[in-house]
2 protein chains.
Amino acid sequence: MPQPSTSRKTLGRPPRISREEVVETARRIVDAEGVDRLTMRRLATEIGSTPMALYHHVRNKEELLVLLLDDHAARTLHRPELPAQPRERIIVAAAAIHEALAACPWIVEVLTADDLMSTSALWFVEQIVDGLVECGLPPERAVHGYRTIWYYTAGEIVVRATAARRRADDDRATFRERVFADLDPDELPRLAQVADQWAPLTAEDTYVDGLRALVDGLLTTR
Amino acid sequence: MPQPSTSRKTLGRPPRISREEVVETARRIVDAEGVDRLTMRRLATEIGSTPMALYHHVRNKEELLVLLLDDHAARTLHRPELPAQPRERIIVAAAAIHEALAACPWIVEVLTADDLMSTSALWFVEQIVDGLVECGLPPERAVHGYRTIWYYTAGEIVVRATAARRRADDDRATFRERVFADLDPDELPRLAQVADQWAPLTAEDTYVDGLRALVDGLLTTR
DNA sequence: ACCTGAACACCGTTCAAGT
DNA sequence: ACCTGAACACCGTTCAAGT
């Protein structure tokens, strides 16, 4: 079984391609043509090698995608000036993660990973957990609070990205129109009332508003 | 181009399989072996037919998955007794959607659709939007509020489902351990502090707590 | 109208061998 | 140690033909 290249100084055939080159080329393909077009075969041709050569540098395609996410995070997740007020710090840190991830919608496939997406994001997690503690939450509730924020953030990105992808390649947008057209205003009066505003309202970016509401709620002692 | 079976009374060769049979058999496969094992070919064999016969009843695999989600929703989304208090009504309706979806983790592939997943869910959406309006939000903010709740709910399901899937078939759980073990307590003091509680805290189901916080926050006038 | 068989244009990954 | 060629075991979908 071949080992994903270690950094041991061993002798043998000198490597022709590196893990970095693999990830970099994969990123180029994904940026240019979308994550669907990234296949091991395609990547191999692009890199001037064979599919199997790749398996010496990454364990499998899944690992490649995770590496791609890490790479993106390391590249775009710049630490912002943090406000002194802890509540604002939570907002800024979460919004920074959100912004970096929203910039690459293909992330959806990988993102839905777990709570700690990437080591580059740890600092942001620290800021959020610390902010929550500073605002008076016990550490355990701060961790739960962080997860709640993460669910909201990941959900926003995943839902929006998938909706955008759908809109791009089919007519499911009309599905919603049909639903609203067929609405029985007696049974579903509120939905009928907002029916024609639904599309524009949904298009609005309300991530930060929702985030503020969520943080307020988390910090309210009930 | 074959049309997905209409209900017009036309003459011709009598159908051997129905759309219902297709969806039902697909559901059996998914329930028994997971969504990964649902392929058009497998489904065709199971149903005693050929792959192409399926394309007379569903447009493509994507549509089949949507039908599967609708079917699941119609089957499991039973309308609960609603509390009179609007705030509680929001919680109960959202928790009902969450519960139904969390029961079938394969939904992840489809779920990440958009805000209106299924006609069976409309009644719940109505309850949530109405509850928010009753609590004093103007209709536009109620729609935004509903979407925020939806992001949180979808995110919770997607993240947990994917994490579970990962845990099942590889050792990425150890990734987190490694991260926490290598943590520099000077740079990331809070994370270091909660390091050994992270796993159990993360395993806890705090969906409803988070939901309550979110709703509180949405209803707080800022 | 509905179904079939064969084919198209792909996948990710493994195995055994080469350098 | 690193890379290659060929193969395995699949996919979703289209096309042209049959009943």
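Naming convention: chains lettered A, B, ... in sequence-line order (proteins, then strands); numbering from 1 in each chain.
For A:R79, the CZ atom sits in a packed shell: over 12 heavy atoms of surrounding residues, nucleotides or ligands are nearer than 6.0 Å.
Between B:L214 and A:T148, the closest side-chain pair of non-hydrogen atoms is not below 4.5 Å. Side-chain contact between B:L101 and B:T76 is absent, with no heavy-atom pair separated by less than 4.5 Å.
A:R42 pairs by the side chain to side chain donor-acceptor pair (under 3.5 Å) definition with A:E33, A:E46, not counting sequence neighbours. For B:Y152, the ring pair (Phe, Tyr, Trp, His ring centres under 6.0 Å) partners are B:Y207, not counting sequence neighbours. Remark: A:E204 pairs with B:H144 by the side chain to side chain donor-acceptor pair (under 3.5 Å) rule, at least two apart or across chains.
Interface residues of residues 24-33 of chain A facing DNA chain D, ordered by number: none; criterion, heavy-atom separation under 4.0 Å.
Nucleotide D:dG18 holds its P atom 17 Å from the CZ atom of B:R16, rounded to whole Å. We find that CD of A:E21 is positioned 14 Å from P of D:dC2, with the value rounded to whole Å. Straight-line distance from the CG atom of A:L65 to the C1' atom of C:dG12: 12 Å, rounded to whole Å. In this structure, B:H56 atom NE2 and D:dT19 atom P are separated by 16 Å, rounded to whole Å. For the pair A:Y55 OH and D:dA1 P, the computed distance is 21 Å after rounding to whole Å. Computed from coordinates, the A:I17 CD1 to D:dT4 C1' distance equals 12 Å when rounded to whole Å.
Note that CD of A:E24 and CG of A:D71 are 8.0 Å apart. Values are rounded to the nearest 0.5 Å. Here the CD atom belonging to B:E156 is positioned 3.5 Å from the NE2 atom belonging to B:H98, to the nearest 0.5 angstrom.
Counting only heavy atoms from C-beta on, B:N60 has its side chain closest to D:dT13 among C:dC3, D:dC2, D:dT13.
In terms of heavy atoms, A:L218 sits closest to A:R141 at O-NH2, 4.2 Å. Considering all non-hydrogen atoms of both residues, B:A192 and B:L183 come closest at N-CD2, 3.4 Å. The two atoms that bring B:H57 and B:I17 nearest to each other are NE2-O, 2.8 Å, heavy atoms only.
Consecutive pairing runs in DNA chain D reach the stem threshold at C:4-8 with D:12-16, C:12-16 with D:4-8, where a stem means at least three Watson-Crick or G-U wobble pairs with distances under 3.5 Å.
Taking the C1' atoms as reference points, C:dC10 lies 13 Å from D:dA9, given to the whole Å.
OP1 or OP2 of C:dC2 has not a single side-chain nitrogen or oxygen of B:H57 nearer than 4.0 Å.
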Open item on the list: Each nucleotide in nucleotides 5-11 of chain D should get exactly one letter: B, S or -. Can you fill that in based on protein heavy atoms under 4.0 Å?
Closed with: B-B---B
